[in-house]
Enquirer: 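Here it is, the structure, as structure tokens.
Every chain is numbered from 1 and lettered A, B, ... according to where its sequence line falls, protein lines coming before strand lines. Every heavy atom of this structure was used, including side-chain atoms; hydrogens, water molecules and symmetry mates were not.
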There are 2 protein chains.
Amino acid sequence: MSPRRIDPKLATALLEAAASLLAEEGAAGLTTRRLAAAVGTSTTAVYTHFGGMDNLVRAMVHEGFARLHRRMSTVRATADAVADVMALGYAYRANALDHPQLYQVMFGSAALGGFALADGDRQHGRYTLQPLVDAVARATEQGRFRAGDPLLVAQNMWIALHGLVSLELGGYLIDPYDADVCFEAQLRSLVTGAGDDHEAAAASFTRARRRRSPRA
Amino acid sequence: MSPRRIDPKLATALLEAAASLLAEEGAAGLTTRRLAAAVGTSTTAVYTHFGGMDNLVRAMVHEGFARLHRRMSTVRATADAVADVMALGYAYRANALDHPQLYQVMFGSAALGGFALADGDRQHGRYTLQPLVDAVARATEQGRFRAGDPLLVAQNMWIALHGLVSLELGGYLIDPYDADVCFEAQLRSLVTGAGDDHEAAAASFTRARRRRSPRA
DNA sequence: TTCGTTACGTAACAGTGTTACTGAATCGAA
DNA sequence: TTCGATTCAGTAACACTGTTACGTAACGAA
């Protein structure tokens with residue numbers, strides 16, 4: 001007795017359509033009916049493949065974390081660990097600006113109906129920090145940062161970065177100090193706060209600035 | 001010709017009911033019908049008094065900023081301006097933790113239907129930063145902070161604080177470094193990044209910690 | 001008292017996520 | 001090749017949302 005097999009292509013088609021719907025029309029535009037219409041199927045498909053809109057969004061969020069991790073991993077370690085830390089900051093912000101709507105869903109800044117991430121989902125994104133933790137550890141070994149737990153230092157940098165990106169996407173950072181100005185000031189301030197020398201930080205900053213990847 | 005007068009008490013009753021509904025059940029629990037039922041009126045009242053759910057939420061947000069400003073203003077200036085900066089950080093976070101749902105609405109971390117703040121609303125909260133700007137300016141005058149624009153420095157501190165509160169309310173900060181640990185580490189890191197000496201910052205930190213107001 | 005004016009209740013509309021129910025498509029077994 | 005069990009997906013409904021047209025009832029000035 002062999003039942004009708006599930007079509008895996010439909011699941012990925014739903015995910016892709018949901019991603020583009022979210023990117024183009026925002027969280028409010030992502031509804032089951034519009035999603036089904038975009039794929040050319042019925043709303044029921046969402047339930048057979050994902051068990052509800054929540055899980056579909058959850059899958060999108062996981063994909064978003066994977067992409068963030070990939071982007072952070074493209075930052076190569078150099079002799080200047082502090083510049084690496086800053087380059088990771090550039091990568092983090094660039095990824096968020098490339099996928100603003102997805103970022104806001106990933107970090108709860110946009111509610112999709114009554115959607116809420118489970119505890120497991122929040123911890124899922126934790127591995128994303130690893131490249132930053134490594135860079136902080138090397139900066140500490142090189143004597144640029146004060147002795148301390150690299151995980152705590154990296155987490156605090158992530159917190160500050162998230163604050164900037166979150167407020168930037170929300171439209172809160174405007175003249176006289178827009179998001180660009182605040183971000184670059186923040187990078188220097190963060191490494192100085194971690195123990196780096198002010199002039200050394202400035203030198204690493206220009207080095208990191210040269211490495212930043214162009215916007216997609 | 002004198003028409004039926006509007007009842008101003010109904011508007012405030014709606015606002016109060018909306019605030020408690022938001023606080024107790026979150027953004028998803030704040031609907032026109034439940035709000036009307038809580039006040040003992042009909043959904044139409046929301047439209048005659050506010051012109052829609054959006055404006056009612058907007059009024060709540062403005063009230064939230066006013067309360068934040070009041071809370072920040074309770075921090076008195078002392079001889080230790082850096083401790084004042086840190087005390088303002090404590091006040092900011094305490095206010096957010098006292099009204100978590102409102103904070104998430106104020107900064108776009110929770111969408112109420114298709115509700116979105118207008119540009120004017122985002123700038124409305126700007127005056128809230130003034131106490132922090134003043135404290136930063138005094139810390140700069142006292143030679144604790146590097147020379148620079150106090151507004152930019154204060155704004156970057158606000159950005160970092162918002163990042164922490166936002167992630168804390170989202171449930172992202174857990175073991176091994178929970179929100180308390182991150183927050184206090186961040187306070188010290190922020191003032192160090194602004195130019196303060198590491199040991200002086202530690203001394204100001206213990207002073208500010210003693211001043212923090214108890215949770216409501 | 002009368003009458004114009006306006007707030008508010010009722011009920012509807014278009015939308016949402018979700019789910020019985022039903023039909024159709026599929027693949028393995030006979 | 002035929003058959004039939006099994007599961008996907010489409011239809012239509014449910015309960016819910018914000019919003020609004022309509023009618024009623026209350027109010028205050030004349």
Enquirer: In whole angstrom, what separates B:L10's CG from C:dT6's C1'?
Expert: 14 Å
Enquirer: Where does the angle between the aromatic ring planes of A:F65 and A:F107 fall among parallel (under 30°), tilted (30 to 60°) and perpendicular (over 60°)?
Expert: perpendicular
Enquirer: By a strict heavy-atom criterion of less than 4.0 Å, which residues belonging to residues 36-45 of chain A are in contact with DNA chain D?
Expert: A:T41, A:S42, A:T44
Enquirer: Would you say B:L164 and B:L173 make side-chain contact, with heavy atoms under 4.5 Å?
Expert: yes
Enquirer: Take the protein atom NZ of A:K9 and the nucleotide atom C1' of D:dA9, then report the distance between them rounded to whole Å.
Expert: 17 Å
Enquirer: For B:F50 and D:dG18, what is the distance between atoms CZ and C1' respectively, to the nearest whole Å?
Expert: 16 Å
Enquirer: Donor-acceptor pair, distance only, cut-off 3.5 Å: does the side chain of A:R212 make one with the backbone of A:R209?
Expert: yes
Enquirer: Would you call B:D98 and B:R71 a salt bridge, taking side-chain N to carboxylate O under 4.0 Å as the test?
Expert: yes
Enquirer: In whole Å, I'd like the distance from the CG atom of B:D54 to the P atom of D:dT20.
Expert: 11 Å
Enquirer: Whether B:T48 contacts C:dA7 is assessed here as follows: a side-chain N or O lying under 4.0 Å from the phosphate OP1 or OP2. Is that the case?
Expert: no
Enquirer: Is any side-chain N of the basic residue among A:R70 and A:E63 closer than 4.0 Å to the acidic one's carboxylate O?
Expert: yes
Enquirer: What's A:T31 touching, base or sugar-phosphate or nothing? Going by heavy atoms closer than 4.0 Å.
Expert: sugar-phosphate
Enquirer: Using whole Å, report how far CE of B:M53 lies from P of D:dT20.
Expert: 14 Å
Enquirer: Do A:S189 side-chain atoms and A:A185 backbone N/O form a donor-acceptor pair below 3.5 Å?
Expert: no
Enquirer: Give a yes or no answer on whether the side chain of B:S204 reaches the backbone of B:A201 with a donor-acceptor pair at less than 3.5 Å.
Expert: no
Enquirer: Provide the full list of side-chain hydrogen bond (donor to acceptor under 3.5 Å, both in side chains) pairs with a residue in residues 82-95 of chain B, sequence neighbours left out, each pair given once.
Expert: B:T78-B:D84, B:D84-B:R138, B:D84-B:R211, B:Y90-B:E184, B:Y92-B:Y103, B:Y92-B:W158, B:R93-B:E168, B:R93-B:D180
Enquirer: I need the NE2-P distance between A:H49 and C:dT19, as an integer number of Å.
Expert: 16 Å
Enquirer: Identify, with sequence neighbours excluded, every residue that meets side chain to side chain contact (heavy atoms under 4.5 Å, CB included) alongside B:A59.
Expert: B:L15, B:F50
Enquirer: Could you work out how much the helix from C:dT1-D:dA30 to C:dA30-D:dT1 bends, comparing the axis of its first five pairs with that of its last five, to 10°?
Expert: 10°
Enquirer: Rounding to a whole Å, what distance do you find between A:R34:CZ and C:dT18:P?
Expert: 17 Å
Enquirer: Report the distance from atom CG of B:L35 to atom C1' of D:dT17, rounded to the nearest whole Å.
Expert: 14 Å
Enquirer: Which residues pass the side chain to side chain contact (heavy atoms under 4.5 Å, CB included) test with A:A17, not counting sequence neighbours?
Expert: A:L35, A:A38, A:V39
Enquirer: Write down the protein N/O and nucleotide N/O pairs, taken from nucleotides 12-14 of chain C, whose separation is under 3.5 Å; answer none if there are no such pairs.
Expert:
| residue | atom | partner | partner atom | Å |
| --- | --- | --- | --- | --- |
| C:dA12 | N6 | B:R33 | NH2 | 3.3 |

Enquirer: Is there a donor-acceptor contact under 3.5 Å from the side chain of B:Q186 to the main chain of B:A160?
Expert: yes
